[in-house]
Visitor: 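Have a look at the structure that comes next, please.
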2 protein chains.
Amino acid sequence: MNDGDAGATATLEDARRHVIETADDLYYARGIQAVGMDELRRASGMSLKRLYSLFPSKEQIVLAVLAHRHELWTAGVTAKVGAAGSPTDRLLAIYDYLADWFADDSFRGCGFINAFGELGAVSPAVADLAREHKADFQRYVADLVAAAGAPVELAPQLAILAEGAQTTAAIAGNAEAAAHARRAAETLIHAVT
Amino acid sequence: MNDGDAGATATLEDARRHVIETADDLYYARGIQAVGMDELRRASGMSLKRLYSLFPSKEQIVLAVLAHRHELWTAGVTAKVGAAGSPTDRLLAIYDYLADWFADDSFRGCGFINAFGELGAVSPAVADLAREHKADFQRYVADLVAAAGAPVELAPQLAILAEGAQTTAAIAGNAEAAAHARRAAETLIHAVT
DNA sequence: ATCGCCGGAGAACGACCGTTCTCCGGATTC
DNA sequence: GAATCCGGAGAACGGTCGTTCTCCGGCGAT
């Protein structure tokens, strides 16, 4: 089936990643609690025993999925920002990344916000991961703001715009939220530089 | 049968409201799926049979809770806005209302965003109610913007700021998000008036 | 006093949850 | 060839979910 002897550790890690990606798709599309272990097992194409040999519990899968989503998000944002030119354009690139994301058919809001609403009150680990994800983004924006020579107060404002665009696009089903947020960001940046 | 007494209808409506308020507290604090009917029955102080005589299903209770939250939100915002003076102050009053809300110990984000993340993919009725709630807010902001004589593009920008402040305050546990959003709103308003 | 009805309390029900266990076929090792 | 181990498949387990049903005590009418 899969390739053979590149090392037991590598294939084990591959299997784990495969589960994480499958779980991510299902959890994100339908909600975490709506997807049972049996459905995840079926979609992953493995036995329940193997699934539980890869992860000790569903909660650990959820945490791994969130960590994976954080990496995807970070990679996507930094790629888009890296392709931009001036420090100001780099700030605005955040909203271009959001626009790309919102255009995806499967977009259903920020997975961390969704997970926080669903499990944050009941699973401190999930709440912590969501908090760390958002704090990381705030730091990232703050760095870009500093690089643009803008005052520090601009950073939380731009971050709030990005957050609001995500929930607005998700619930209103309105992908233009990215464009609105971008235009607001332009105004805010222009006012202080 | 039993036609005359208008009081019977009133107490039935009282009982319904009591269930809705109890359910609202529980659902908002811990998540909808985390609260079972038996716990709601116990907290409401009534029998399961009576509970099911007041509402046909849990989903109907959830929808009633969301409708109730929408009324509370609308009343709170309009009260704060109504107490403000100039059209510009009325726009900024939105963020003062958010600041009051965020300061509440039990604040755990926007109940509609939470419900949407938890059940939106699985319950179209919940998704619709969340969408209507947000659309209603967008219209409200648009009216205030029009009254202030500002261009229409300002409205979605201010709404996005309000949305972002809610999720940021909820996840980061950071009540200052209201102040940041308010300052951003001041800048945006100032730029176009 | 007796009957019939109503609503309260909570047991019961079937479904499904996350997790564990049993069974078994096939590869590995002497 | 025989003993041993490993992992696959999925049944089983205890618990909880939303919902329904049974039982029973109180009460108004006759």
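Quick note on labels: first sequence line is chain A, next is B, and so on, each numbered from 1. Keep in mind that what you see is a predicted model, and the values were worked out from it rather than measured.
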Visitor: Atom CD of A:Q60 and atom P of C:dG18: how far apart are they, to the nearest Å?
Guide: 15 Å
Visitor: For a quick test of reading the model: is some side-chain N or O of A:R50 closer than 4.0 Å to OP1 or OP2 of D:dG8?
Guide: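 Yes, within the criterion.
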Visitor: Atom OH of A:Y52 to atom P of D:dG7: distance rounded to whole Å?
Guide: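 Distance check: A:Y52 OH to D:dG7 P gives 18 Å.
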Visitor: If the test is salt bridge (Lys or Arg N to Asp or Glu O under 4.0 Å), which one of A:R30, A:R17, A:R69 qualifies with A:D24?
Guide: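 So, applying the salt bridge (Lys or Arg N to Asp or Glu O under 4.0 Å) to A:D24 and each of A:R30, A:R17, A:R69, only A:R69 qualifies.
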Visitor: Base, sugar-phosphate alone, or nothing: which one does B:K49 contact when heavy atoms must sit under 4.0 Å apart?
Guide: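 It contacts base atoms.
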Visitor: In whole Å, I'd like the distance from the CG atom of A:L40 to the P atom of C:dC16.
Guide: 18 Å
Visitor: Can you confirm whether or not the ring centre of A:W73 sits under 6.0 Å from the ring centre of A:Y97?
Guide: yes
Visitor: Take the protein atom CZ of B:R41 and the nucleotide atom C1' of D:dG18, then report the distance between them rounded to whole Å.
Guide: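 Taking CZ of B:R41 and C1' of D:dG18, I get 14 Å after rounding.
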Visitor: Using a 4.0 Å heavy-atom cut-off, does B:S57 contact any base of the nucleic acid, only the sugar-phosphate backbone, or nothing at all?
Guide: sugar-phosphate
Visitor: What is the distance, to the nearest angstrom, from the CG atom on A:D38 to the P atom on C:dG18?
Guide: 9 Å
Visitor: Step by step, work out the salt bridge (Lys or Arg N to Asp or Glu O under 4.0 Å) result for B:E186 and B:R183.
Guide: CA-CA 5 Å; B:E186 289 175 24; B:R183 241 163 292 154; over 6 Å; no
Visitor: Would you kindly give the CE-to-P distance between B:M37 and C:dC16, to the nearest whole Å?
Guide: 18 Å
Visitor: Find out if a path of hydrophobic residues (ILVMFWY) with successive side-chain heavy-atom gaps under 4.5 Å connects B:L92 to B:I160.
Guide: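 Linked, B:L92 and B:I160 end up in one cluster.
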Visitor: What is the distance from CG of A:L48 to C1' of D:dG8, rounded to the nearest Å?
Guide: 11 Å
Visitor: Send over the distance from A:L51 CG to C:dT19 P, rounded to a whole Å.
Guide: 10 Å
